[in-house]
Amino acid sequence: MDAHIRDLRYFVAVAEELSFTRAAAERLFISQPSLSRQIRQLELSLRAKLFERDRRTVALTAAGAALLPEARRIIEQWEGAQRAVAAAREERMLVVGFQTRIGRGLVPSISSALPGWDLRFRQVPWSDPTVGLGDGQVDVAVAWLPVPGHEYDWTVVSTEERWVALPADHPLAARPEVTLADLAGEAFVALPVSAGPMRDFWLAGDQRAAPAVVGAEAETAEEAFELVASGRAVVLVSAGNAELYRRDDVVSRPVVGLPPSRLAVVWRRGDRRQAVRRLVDAFVTCMCAA
């Protein structure tokens, strides 16, 4: 079911943007060839052409125009079904998504702040920029901004400097701090392309005169630190994660001049369950008290 809903979401994004390029880059954060393949598969399964396209324009066919309101209705019904299932759990169980270790004293603080609740924590790979919120895997996410899309609200709970993790024997490891210019020739660990704007943020794309050299990609922080330890690349990390992922074969140093990273608690804008609001408030309260 999730795969069919995903394909319908892809279709709706292209239909609303009337552009494969914009839908892929700004709405879905997947590659354009991947989006085109999924749309072709949907057309094959429906045995109907959904779009007329040339190099400049994209337009709905009659079949595509007929599918659009039905696709929106099916997606809305599926989201309603997910909410109904959550309500049937009597709002006593919530799933929190994360991509890097939460740490910072949050997990025990949240658990004690919500006694009697079944809180479950699920690690989501960096390839999912919504940290599990997009497909309903989680109810609330602890995520590094930016989170793409207009369907989410968030509250920032921590602002942290960006550091760089280096192999322990790297020449820059002897310095107390470094600049982005010092790292200009280094190969960097990048998040997957599907991570969207998060990939660019953790490569400091907006602060570079030239694009970063990508030496490897990683789906998780653990993979990234293994790549650093092996000497294949360096990686930008938050100051808090530099401490949480401390290891003997990696050294982390502050990068002077970079705007800080922001850790936020994120939830779906349309999710008005009181349980979700209580969990968000508990995160904010515990983080501010830390």
- Query: Please, which pairs that meet ring-ring contact (aromatic ring centres under 6.0 Å, His included) have at least one residue in residues 214-257, sequence neighbours excluded?
  - Reply: Phe225-Tyr245
- Side chain of Gln99, backbone of Pro125: donor and acceptor closer than 3.5 Å? yes
- Message: Could you go through Leu145 and Leu263, starting from their C-alpha distance and side-chain angles, then the distance that decides it, and tell me whether this counts as side-chain contact (heavy atoms from CB on, under 4.5 Å)?
- Response: CA-CA 6 Å; Leu145 300 181; Leu263 184 65; over 6 Å; no
- Task: Please say whether more than 12 non-hydrogen atoms of neighbouring residues, nucleotides or ligands are located less than 6.0 Å from CZ in Arg262.
- Result: no
- I would like to know whether Asp54 and Arg56 meet salt bridge (Lys or Arg N to Asp or Glu O under 4.0 Å); could you show each step before the answer? CA-CA 6 Å; Asp54 56 33; Arg56 295 186 177 181; over 6 Å; no
- Residue set satisfying side chain to side chain contact (heavy atoms under 4.5 Å, CB included) with Val12, at least two apart, ordered chain then number -> Glu16, Leu68, Ala71, Arg72, Ile75
- Task: Kindly indicate, with the supporting measurements, whether the criterion side-chain contact (heavy atoms from CB on, under 4.5 Å) is fulfilled by Leu119 and Leu279.
- Result: CA-CA 10 Å; Leu119 293 183; Leu279 182 57; 4.2 Å; yes
- Task: Could you tell me whether Arg277 and Asp271 have a side-chain N and a carboxylate O separated by less than 4.0 Å?
- Result: no
- Item | Student check: side-chain heavy atoms of Arg101 and Gln123 closer than 4.5 Å | no
- With sequence neighbours excluded, residues passing side-chain hydrogen bond (donor to acceptor under 3.5 Å, both in side chains) with Trp163: Glu161
- Item | Results of side-chain hydrogen bond (donor to acceptor under 3.5 Å, both in side chains) for Gln32 - residues two or more places apart only | Thr21
- For Pro167, what residues pass the side chain to side chain contact (heavy atoms under 4.5 Å, CB included) criterion, not counting sequence neighbours? Asp169, His170, Val228, Val234
- Are the side chains of Val266 and Val131 in touch, meaning some heavy atoms are under 4.5 Å apart? no
- Taking side chain as C-beta onward, heavy atoms only, is Val265 less than 4.5 Å from Val284? yes
- Query: Can you name the residues that form a side-chain hydrogen bond (donor to acceptor under 3.5 Å, both in side chains) with Glu219, not counting sequence neighbours?
  - Reply: Ser127
- Task: Scan residues 34-67 for pairs that pass ring-ring contact (aromatic ring centres under 6.0 Å, His included), counting only residues two or more places apart or in two chains.
- Result: Phe11-Phe51, Phe20-Phe51
- Rounded to the nearest 0.5 Å, how far apart are CD1 of Ile39 and NZ of Lys49? 13.5 Å
- Would you list the pairs meeting salt bridge (charged side-chain N to carboxylate O under 4.0 Å, His left out) in which at least one residue belongs to residues 119-132, sequence neighbours left out? Asp118-Arg120
- Task: First locate atom CZ of Phe201, then atom CZ of Arg162, and finally report the distance between them rounded to the nearest 0.5 Å.
- Result: 3.5 Å
- Message: Check this for me: does any side-chain nitrogen of one of Arg246 and Glu243 sit under 4.0 Å from a carboxylate oxygen of the other?
- Response: yes
- Message: Tell me every residue that passes side-chain hydrogen bond (donor to acceptor under 3.5 Å, both in side chains) with Gln77, counting only those two or more places apart in sequence or in another chain.
- Response: Arg73
- Item | CG-CG distance between Leu67 and Leu60, expressed to the nearest 0.5 angstrom | 9.0 Å
- Query: Counting N and O atoms only, with roles assigned by atom type, does the side chain of Arg253 sit under 3.5 Å from a partner on the main chain of Ala173, one being a donor and the other an acceptor?
  - Reply: yes
- Calculate, to the nearest 0.5 Å, the distance between atoms CG and CH2 belonging to Leu133 and Trp154 respectively. 11.5 Å
- Over 12 non-hydrogen atoms of neighbours within 6.0 angstrom of CD in Gln207: yes
- Message: Could you work out, with side chain to side chain contact (heavy atoms under 4.5 Å, CB included) as the rule, every residue matching Ala190, not counting sequence neighbours?
- Response: Arg199, Leu203, Val214, Glu217
- Query: Does some side-chain heavy atom of Val140 sit less than 4.5 Å from a side-chain heavy atom of Leu94?
  - Reply: no
- Enter the distance from Asp182:CG to Thr179:OG1 here, rounded to the nearest 0.5 Å. 3.0 Å
- Ion pair check, Glu186 and Arg232, cut-off under 4.0 Å: no
- Query: Can you name the side chain to side chain contact (heavy atoms under 4.5 Å, CB included) partners of Ala218, sequence neighbours left out?
  - Reply: Trp126, Val189, Glu223, Ala224, Leu227
- Please check if any side-chain donor atom of Glu160 sits under 3.5 Å from a side-chain acceptor atom of Ser158, or the reverse. yes
- Query: What is the distance from atom NE2 of His4 to atom OG of Ser45, rounded to the nearest 0.5 Å?
  - Reply: 7.5 Å
- Query: Excluding sequence neighbours, so at least two apart, what forms ring-ring contact (aromatic ring centres under 6.0 Å, His included) with Phe98?
  - Reply: none
- Message: Just so I know, are the side chains of Val213 and Phe188 near enough to count as touching, which here means a heavy-atom distance under 4.5 Å?
- Response: no
- Might you work through the salt bridge (Lys or Arg N to Asp or Glu O under 4.0 Å) test for Asp139 and Arg273, ending with a clear yes or no? CA-CA 10 Å; Asp139 299 294; Arg273 287 177 291 160; 2.8 Å; yes
